[in-house]
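Here, residue 1 is the first one in the sequence, and each next residue gets the next number.
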Amino acid sequence: MLFPMAPAEFWKQIRTTIEEVVNEKLNHQTASPPVSHLPEKALLKPAEVCAIFQVSKPTLYEWLKQEKLKSFKIKSRRYFSRIDIEAIVLQTEQTASAKE
């Protein structure tokens, strides 16, 4: 016998260890902040922002003209900061919940 304990005791310890690890992972997972529905990138493309707000590109560019959104260009491409978009989404959600 390679183990200094009975097989039943060995399997009992294995089960206990696995349960502890699984419970720890589940507790850690539920304690973490809710996963945002935004892509996990620092920069968002116009098409991604359109999908988030469920608007067309002309509407998005109209919001840029009205300065409702901020963007910046890198060479010929336009990008939006994920942090800025998250802030707008949170502000909109808070405003909507305050009206209810």
Side-chain angles (χ1 to χ4, degrees):
M1 172 169 231
L2 297 174
F3 299 106
M5 61 183 78
E9 182 64 28
F10 170 76
W11 289 112
K12 183 179 177 183
Q13 282 187 339
I14 292 290
R15 271 190 228 103
T16 303
T17 304
I18 291 172
E19 286 174 1
E20 289 172 0
V21 170
V22 168
N23 288 335
E24 181 181 323
K25 292 286 183 185
L26 288 174
N27 289 338
H28 177 66
Q29 192 175 28
T30 56
S32 65
V35 176
S36 176
H37 55 279
L38 299 178
E40 292 296 325
K41 298 185 286 187
L43 301 178
L44 301 175
K45 296 178 183 176
E48 294 170 326
V49 176
C50 288
I52 291 167
F53 291 115
Q54 297 178 349
V55 297
S56 65
K57 278 191 179 180
T59 301
L60 184 70
Y61 287 108
E62 185 62 33
W63 288 354
L64 285 170
K65 285 182 192 175
Q66 297 171 3
E67 298 182 358
K68 291 181 179 181
L69 296 176
K70 291 186 278 183
S71 71
F72 56 94
K73 288 182 115 179
I74 299 176
K75 295 190 179 182
S76 64
R77 300 190 184 261
R78 183 173 300 277
Y79 294 96
F80 296 83
S81 168
R82 181 179 194 273
I83 295 170
D84 292 344
I85 300 302
E86 278 183 342
I88 293 169
V89 169
L90 288 173
Q91 181 183 7
T92 305
E93 289 174 352
Q94 290 172 352
T95 305
S97 65
K99 288 182 180 181
E100 292 177 352

Near Gln54 CD, under 6.0 Å, is it more than 12 heavy atoms from other residues, nucleotides or ligands? no
What's the verdict on side chain to side chain contact (heavy atoms under 4.5 Å, CB included) for Val55 and Trp63, showing C-alpha distance, side-chain angles and the deciding distance? CA-CA 10 Å; Val55 297; Trp63 288 354; 3.6 Å; yes
Might you point out which heavy atoms bring Arg78 and Ser71 nearest each other, and give the distance in Å? NH1-OG, 2.6 Å
Heavy-atom side-chain proximity of Leu60 to Phe80 below 4.5 angstrom: yes
Rounded to the nearest 0.5 angstrom, the CZ-NZ distance for Arg77 and Lys45 is 6.5 Å
I need the minimum non-hydrogen distance between Asp84 and Lys70, along with the two atoms involved. OD2-CE, 4.0 Å
Hydrophobic clustering (ILVMFWY, side-chain heavy atoms < 4.5 Å, transitive) - are Trp11 and Val22 grouped together? yes
Should Leu90 and Ile85 be counted in the same cluster of Ile, Leu, Val, Met, Phe, Trp and Tyr side chains packed under 4.5 Å apart? no
Going from CG on Leu43 to CD1 on Ile83, what distance comes out if it is rounded to the nearest 0.5 angstrom? 9.5 Å
With rounding to the nearest 0.5 angstrom, report the CD1 to CZ distance, Ile88 to Phe53. 5.0 Å
Salt-bridge present (Arg15, Glu19; N to O < 4.0 Å): no
Hey, what's the ring geometry for Phe72 with Tyr79, parallel, tilted or perpendicular (30° and 60° as the breaks)? tilted
Atom pair NZ (Lys25) and CG (Asn23), whose distance is rounded to the nearest 0.5 Å: 12.5 Å
